[in-house]
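Notes follow once the structure below has been shown.
Throughout, a chain's letter reflects where its sequence line sits, starting with A, and its residues are numbered from 1. These numbers come from the heavy atoms of this one structure, side chains and all, not from hydrogens, waters or symmetry mates.
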There are 2 protein chains.
Amino acid sequence: MATSGQDVTQDDVARVAGVSRSLVSLALNGSPKVAAETRRRIAETATTLGYRVNAAAASLARQRSRTIGLVLPNLRNAFFEQIAHTLGDATGARDLALFVTVGSDRPEVLHRAVESLLSVRVIGLILVSPWLPDEDLIAIGEEVPVCLIGRRSPGGSVDSVRVDEEAAARLLVGHLAELGMRSVGYVGPRVVNDTSRFERESALRFAAQAAGLTLDVRECDEDAGPAVRDMLRSRHEPLGLVIHNDILAIDAVPVLRETDRHPGIDVALVSYDNTYLARRGEFSLTSIDQPEDVLGTTAVRLLCERAEEGTTSAGSPRDVVLEPALVIRGSSEPDRVCG
Amino acid sequence: MATSGQDVTQDDVARVAGVSRSLVSLALNGSPKVAAETRRRIAETATTLGYRVNAAAASLARQRSRTIGLVLPNLRNAFFEQIAHTLGDATGARDLALFVTVGSDRPEVLHRAVESLLSVRVIGLILVSPWLPDEDLIAIGEEVPVCLIGRRSPGGSVDSVRVDEEAAARLLVGHLAELGMRSVGYVGPRVVNDTSRFERESALRFAAQAAGLTLDVRECDEDAGPAVRDMLRSRHEPLGLVIHNDILAIDAVPVLRETDRHPGIDVALVSYDNTYLARRGEFSLTSIDQPEDVLGTTAVRLLCERAEEGTTSAGSPRDVVLEPALVIRGSSEPDRVCG
DNA sequence: CTGAAAGCGCTTACAG
DNA sequence: CTGAAAGCGCTTACAG
């Protein structure tokens with residue numbers, strides 16, 4: 001914790017340790033060319049002097065930084081936090097830094113954020129469920145390695161890791177069918193350009209059809225409550241209610257508890273993401289679990305591989321698809337289903 | 001959108017524009033010493049060539065970066081997103097970049113994150129409701145300008161911007177008293193070292209006492225449901241239920257809707273942060289609103305001022321305290337109160 | 001195993 | 001209003 005007035009440089013360390021400047025660099029970067037004892041002494045000197053590498057200088061000399069940029073669409077989904085943590089661990093394991101940028105629905109803001117990441121010459125960019133059009137993603141991919149999480153690769157040289165939406169839909173529909181439901185209702189956000197919403201809906205449609213269930217769809221805004229009410233209003237038979245994610249699904253819970261509003265209708269509630277909200281006792285949501293850790297480590301690996309390859313444009317896009325799991329909780333347990 | 005194989009440098013721009021290298025730098029940085037026409041031509045060349053400043057080189061030459069680091073404790077509170085957005089705008093307005101780090105409850109992770117921010121030689125650090133002990137904050141403040149949001153300055157050379165907790169407590173208690181409540185219940189997270197929790201509780205205690213109301217306190221874990229149930233169990237009179245933040249308060253809503261569980265008890269529910277969760281139709285929470293925009297712009301201003309002053313240790317800590325507001329919604333409206 | 005030297009891309013006095 | 005030159009702190013062949 002030795003603090004100096006000004007920044008300590010490798011020069012200072014070299015002088016105090018009585019070695020050359022380059023040796024300090026080599027030692028601090030773990031080069032095997034440095035004698036163990038020398039390395040130890042240098043490391044010790046660095047610590048007591050309070051030396052901290054100047055990332056700007058290192059990046060400049062190395063012609064590349066040691067940081068990865070993460071672009072999150074917003075902070076309104078706990079799933080993003082889990083992703084951020086996993087990525088933090090995955091990058092940390094490779095001794096890389098992770099810089100997060102909180103996206104925005106304002107294009108200029110997002111653009112500015114990506115630009116500052118590019119100015120830093122990040123190794124690569126990880127975008128979680130971006131709402132950008134395919135061509136923009138491809139364009140960014142021309143400049144720097146890019147890996148998408150939760151969205152199919154748009155082509156170009158952009159990689160992607162995501163969960164198999166069709167498999168998730170089958171899990172959900174299968175579960176509801178087992179509960180005796182004959183019809184499924186899906187509530188998703190009304191968002192322009194939301195590929196994730198679109199993919200999810202068609203996967204559900206497909207799965208429902210295959211299982212011989214009907215599918216009814218409603219769009220909602222920030223609040224899923226009205227859409228859920230609306231869907232229940234016209235109902236007289238049991239319903240499997242699928243909501244786009246946990247954060248929207250919790251809107252449905254209070255609605256379902258108003259037992260007087262829809263007498264006699266059994267409703268099983270299920271959603272996606274399996275975040276801490278789903279686990280909260282009051283909600284206990286049955287939810288599709290995405291393997292965040294695998295998503296995260298894979299994304300980092302793909303990015304680093306692509307960075308190694310040198311030119312960004314090298315190699316065709318890789319699209320890693322993972323299997324989801326269904327976590328069953330109270331919201332769809334027969335004996336606890338509201339009605 | 002001109003993309004080149006390798007990075008375009010100021011050298012390239014200078015060559016193409018037919019000027020010297022330094023002139024390019026001056027022009028691009030908006031120096032008034034450059035003729036308007038020259039500046040225009042240079043800017044144009046830079047654009048067509050797809051020039052993008054190398055932040056590492058610029059930081060190194062300038063001996064300081066143009067980025068501010070934001071350390072968020074987690075992503076489980078929409079309030080943090082609003083803060084992040086405001087800060088993004090505030091830094092953008094000053095042509096600074098904002099790098100976010102998602103904290104963690106694991107000290108090593110947080111430490112590593114702060115370290116990478118420091119390696120980048122950020123202008124300063126903004127920490128939102130950090131759980132770090134005072135001495136750690138002061139230590140960080142020795143190395144770089146630091147501004148806290150939502151926590152009192154621990155002294156040293158650390159600044160702070162926050163909302164007046166006592167005023168917030170008075171607003172809440174006053175509102176509940178007006179509704180005819182005689183007793184107040186507070187549910188807060190069971191967290192070690194959580195100053196915010198502690199300050200909030202004592203402010204409430206003080207306000208309740210002053211207003212002649214009783215205060216009952218319960219701790220909760222991730223899920224506030226059990227604590228709320230517990231608090232209601234022993235009740236036979238109207239209760240003003242104050243919950244530490246919106247995200248915890250939504251747990252209370254389903255509990256309160258179970259009309260059969262606590263017959264005859266009027267409960268008015270209020271919380272803090274006034275995030276989008278509070279606004280969601282199904283929850284409609286009365287909540288304390290913090291002026292995020294003022295918090296954000298003030299934090300950035302304090303940081304920049306301290307950075308200007310040169311030495312970090314210069315100047316005593318500034319502690320800006322803002323007035324909160326109470327937004328009244330259905331959860332505490334007499335006619336909609338559950339019971 | 002160790003050192004002298006060049007260079008990364010930019011900024012900034014300084015001289016014209 | 002413009003250019004030549006030094007230097008920011010580090011990394012990395014290269015030579016010993």
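If B:A36 and A:L60 are placed on DNA chain D by their nearest nucleotide, the residue sitting closer to the 5' end is B:A36.
Residues meeting the ring pair (Phe, Tyr, Trp, His ring centres under 6.0 Å) test with A:F80, sequence neighbours left out: none.
Atom CZ of A:R64 and atom C1' of C:dG7 are 18 Å apart (whole Å). For the pair B:D7 CG and C:dG7 P, the computed distance is 19 Å after rounding to whole Å. Following rounding to the nearest Å, B:Q63 (CD) and D:dG7 (P) show an atom-to-atom distance of 12 Å. Separating the CG atom of A:N54 from the P atom of D:dC8 is a distance of 12 Å, rounded to the nearest angstrom. Here D:dC1 presents its P atom at 16 Å from CZ of B:R40, a figure rounded to the nearest Å. Atom pair B:R66:CZ and C:dC10:P shows a separation of 15 Å (rounding to whole Å applied).
How far CZ of A:F99 is from OG of A:S116: 11.0 Å, rounded to the nearest 0.5 Å. Between atom CZ of residue B:R76 and atom CG of residue A:L75 there is a gap of 11.5 Å, rounded to the nearest 0.5 Å.
Contact check on A:R162 versus A:D319 returns a salt bridge, with a Lys/Arg side-chain nitrogen under 4.0 Å from an Asp/Glu carboxylate oxygen. Under the 4.0 Å criterion applied to side-chain N and carboxylate O atoms, A:R112 and B:D95 are not assigned as salt-bridge partners.
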Q.
For Watson-Crick and G-U wobble pairs within 3.5 Å on both distances, what is DNA chain C written in dot-bracket notation, | included for inter-strand pairing?
A. |||.||||||||.|||
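Residues B:E44 and B:R41 have side chains not in contact (no heavy-atom distance under 4.5 Å, counting atoms from C-beta outward). Between A:V114 and A:T101 there is no side-chain heavy-atom pair separated by less than 4.5 Å.
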Tabulate atom names and distances for all N/O pairs under 3.5 angstrom spanning the protein and nucleotides 11-14 of chain D.
residue	atom	partner	partner atom	Å
D:dT11	OP1	A:N29	ND2	3.2
D:dT11	OP1	A:R62	NH2	3.1
D:dT11	OP2	A:Q10	NE2	2.9
D:dT11	OP2	A:S25	OG	2.6
D:dT11	OP2	A:N29	ND2	3.3

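Across every non-hydrogen atom of A:A58 and A:V53, the tightest pair is CB-CG2, 4.2 Å.
With distances taken from any side-chain atom of A:A35 to the nucleotides C:dC8, D:dG9, C:dT2, the minimum falls on C:dT2.
When each of A:L96, A:V300, A:T67 is checked for a side-chain contact (heavy atoms from CB on, under 4.5 Å) with A:I123, only A:L96 meets the rule.
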